[in-house]
Amino acid sequence: MVFKAGAKCPLFVPPLLLNGTPINRVKEFKYLGHWVTEVQDDNVDMDRERGALSASLWFKYTQRAYNALRVQYNNSLRVLLRRPPFCSASAMFAEAHIDGFDALWRKKTASLLGRLRGSSNSILKGIADKFDCPLIWSFIKRTKSVLVINY
């Protein structure tokens, strides 16, 4: 990878060899879970994270995976709100008037289920109204008190 300096980039970059084998030049690569790009911005990594936020589609996961995501959410907000690493997450959310991870998870899931039920697409609506579907059942369990079922 050759990093750009603003709009400037070398016109010619000689090939690099490793034991006589040329190394491919790339515009981006993943390093320690973070996408590094030649323009040195975080857009690619943010797009990856945005895709990961479609968590309301997940329905088969372990408690360990759920807890890891919750901890990451809490730690991210600690950084954004400039709080110490071990401050109380509930107090932090209450003081900032921000939903905690569990509330956010339930609201996003209820919103998705509501959009499925209100869809003009008969297939999506049919799936959303099928209570024996594992995906829908997991949505209903996850939303608990947030979901109001309308018939």
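The structure displayed is predicted, hence computed values, not measured ones.
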What side-chain donor-acceptor pairs closer than 3.5 Å can you find for residues 13-30, not counting sequence neighbours?
none

*Answer yes or no: is there a donor N or O on one side and an acceptor on the other, between the side chain of Lys125 and the main chain of Ser119, under 3.5 Å?*
no
*Test Lys108 against Leu112 for side chain to side chain contact (heavy atoms under 4.5 Å, CB included), laying out the working first.*
CA-CA 6 Å; Lys108 287 177 72 61; Leu112 174 64; over 6 Å; no
*Considering non-hydrogen atoms only, spot the tightest contact between Tyr31 and Val36 and give its length.*
CB-CG2, 4.1 Å
_Pairwise salt bridge (charged side-chain N to carboxylate O under 4.0 Å, His left out) hits with a residue in residues 66-84, at least two apart_ = Arg83-Glu95
*Name all residues meeting the side chain to side chain contact (heavy atoms under 4.5 Å, CB included) criterion together with Thr62; count only those two or more places apart in sequence or in a different chain, and write none if there are none.*
Arg64, Ala65
_For Ala96, give me all partners under side chain to side chain contact (heavy atoms under 4.5 Å, CB included), at least two apart in sequence or on another chain._
Leu81, Ile98
*Report the residues that fulfil ring pair (Phe, Tyr, Trp, His ring centres under 6.0 Å) with Phe101, sequence neighbours left out, ordered by chain and then residue number.*
Tyr66, Tyr73, Trp105
_Going by side chain to side chain contact (heavy atoms under 4.5 Å, CB included), name the residues that satisfy it together with Leu11, two or more places apart in sequence or in a different chain._
none
*If two hydrophobic side chains count as joined below 4.5 Å and joins carry through other members, does Met92 share a cluster with Leu80?*
yes
*Please list, chain by chain and in numerical order, all residues satisfying side chain to side chain contact (heavy atoms under 4.5 Å, CB included) with Ser76, sequence neighbours excluded.*
Gln72
*For Asp42, which residues count as a salt bridge (charged side-chain N to carboxylate O under 4.0 Å, His left out) partner, sequence neighbours excluded?*
none
*Just checking, any donor-acceptor pair under 3.5 angstrom between side chains of Ser111 and Arg115?*
yes
_Partner set under side chain to side chain donor-acceptor pair (under 3.5 Å) for Gln40, not counting sequence neighbours_ = none
*Are any non-hydrogen side-chain atoms of Val79 and Asn75 less than 4.5 angstrom apart?*
no
